[in-house]
Amino acid sequence: MAAVTLDGAALARRMREDLQPEVAAFTARAGRPPGLALVLVGDDPASHVYVGSKRTHGAEVGFRVDLHQRPADTSLEEVLALVRDLNAAPDIDGILVQSPLPSAMGADAARRVFETIDPAKDVDGFTAENVGRLVQNREGLVACTPAGIIELLERQGIAIAGKRAVVIGRSDIVGKPMALLLLHRHATVTIAHSRTPDLPAVCREADILVAAIGRAGFVTPDFVKPGAAVIDVGMNAVTSEADVIGFFGADSKRHEAWRKRGSVLMGDVHPAVADVAGALTPVPGGVGPLTIAMLMRNTLTAAERRVR
Ligand code: GUN
């Protein structure tokens, strides 16, 4: 059995198309477009790619997108001051500070920056206020990756209520909010992690398996109940040729791509899972585009709440 591919890129396109008339209506009503401020500090190459994509898609749906780029030696105080200015800016509805921040800023820099963002403009859903609202299943702004995954499951008609869901990974950004969103939709939810005994057996219980570990190809077919929906949140750069051949084969497109670039992107889910799962998100083209589409949805939601 070959798993159905859950095309996140196509769904993200539809979500942006759905947003465009709503953004136009907001702009006509408010006399200005929704405003999204992107803050990018330092020169992490992946962050530059992600922020570039957020900027392009934000402009495409009709937002005003301001990019605030700062060098790697910017102080934490300067970033906090910028966030406070954006909190006070009347035409800015959403603030996103891309993580990771440069390590020189200190271990708790990201948390301090996120906590400074006005919860009404916290389109990442990372502030304690919005996390608390999620725990209590109250109106707020929800982290984009897990919210995008729920949108994908719902639009694909994959039932959640009454199902067993296992989330591998307990991060604040994905694992924990993912588990809460599934719980609020009446799944029976397990959060598994690196210290879970017999992880494959726990995962094999899942009708919906979400892999958010950050280890290339970690979820092998023995983790997967036949027919399960498998959601791959991983974005891992694989640089070893032996690993690329081991995962994809010597004659594969990925091996060809590795020959050109010396690196390929892959998720946390082993390619052989496609023979067992009922449905599977690809990497790239699965969860990533949905995360960005959800950021657009959150920004419009924040704008509408601020002007109502
Ligand atoms: N870095 C990786 N993913 C994210 C995200 O969703 N939001 C922010 N702010 N930074 C990230």
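Everything numeric here is computed off the predicted structure, so don't read it as measured data. For ligands, and for the atoms within them, numbers begin at 1 and follow the listed sequence.
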Tyr50 near ligand 1 by a heavy-atom separation under 4.0 Å
no
Can you tell me how far the CZ atom of Phe247 sits from the CG atom of Asn236, to the nearest 0.5 Å?
8.5 Å
Partners passing side chain to side chain donor-acceptor pair (under 3.5 Å) against Thr127 (at least two apart in sequence or in another chain):
Asp122, Asn130
Geometric N/O contact Val97 with ligand 1, under 3.5 angstrom
yes
Can a non-hydrogen atom of Asp124 be found less than 4.0 Å from any atom of ligand 1?
yes
Taking only Lys NZ, Arg NE, NH1 and NH2, and the carboxylate oxygens of Asp or Glu, determine whether Arg111 and Asp172 approach each other closer than 4.0 Å.
yes
Quick test of your reading of the structure: of Ser99, Pro100, Ala46, whose heavy atom lies closest to atom 10 (N) of ligand 1?
Ser99
Look at atom 4 (C) of ligand 1 and say which protein heavy atom is nearest, naming residue and atom and giving the distance to 0.1 Å.
Gln98 NE2, 4.1 Å
Do we see a donor-acceptor contact under 3.5 Å between the side chains of Thr239 and Ser263?
no
Can you tell whether the side chains of Arg155 and Glu151 come within less than 4.0 Å, N to carboxylate O?
yes
Contacting atoms of ligand 1, where contact means under 4.0 angstrom from a heavy atom of Phe126:
7 (N), 8 (C), 9 (N)
Are Glu205 and Lys163 ion-paired here, with the side-chain N under 4.0 Å from a carboxylate O?
no
Using a strict cut-off of 4.0 Å, indicate which atoms of ligand 1 neighbour a heavy atom of Leu96.
9 (N)
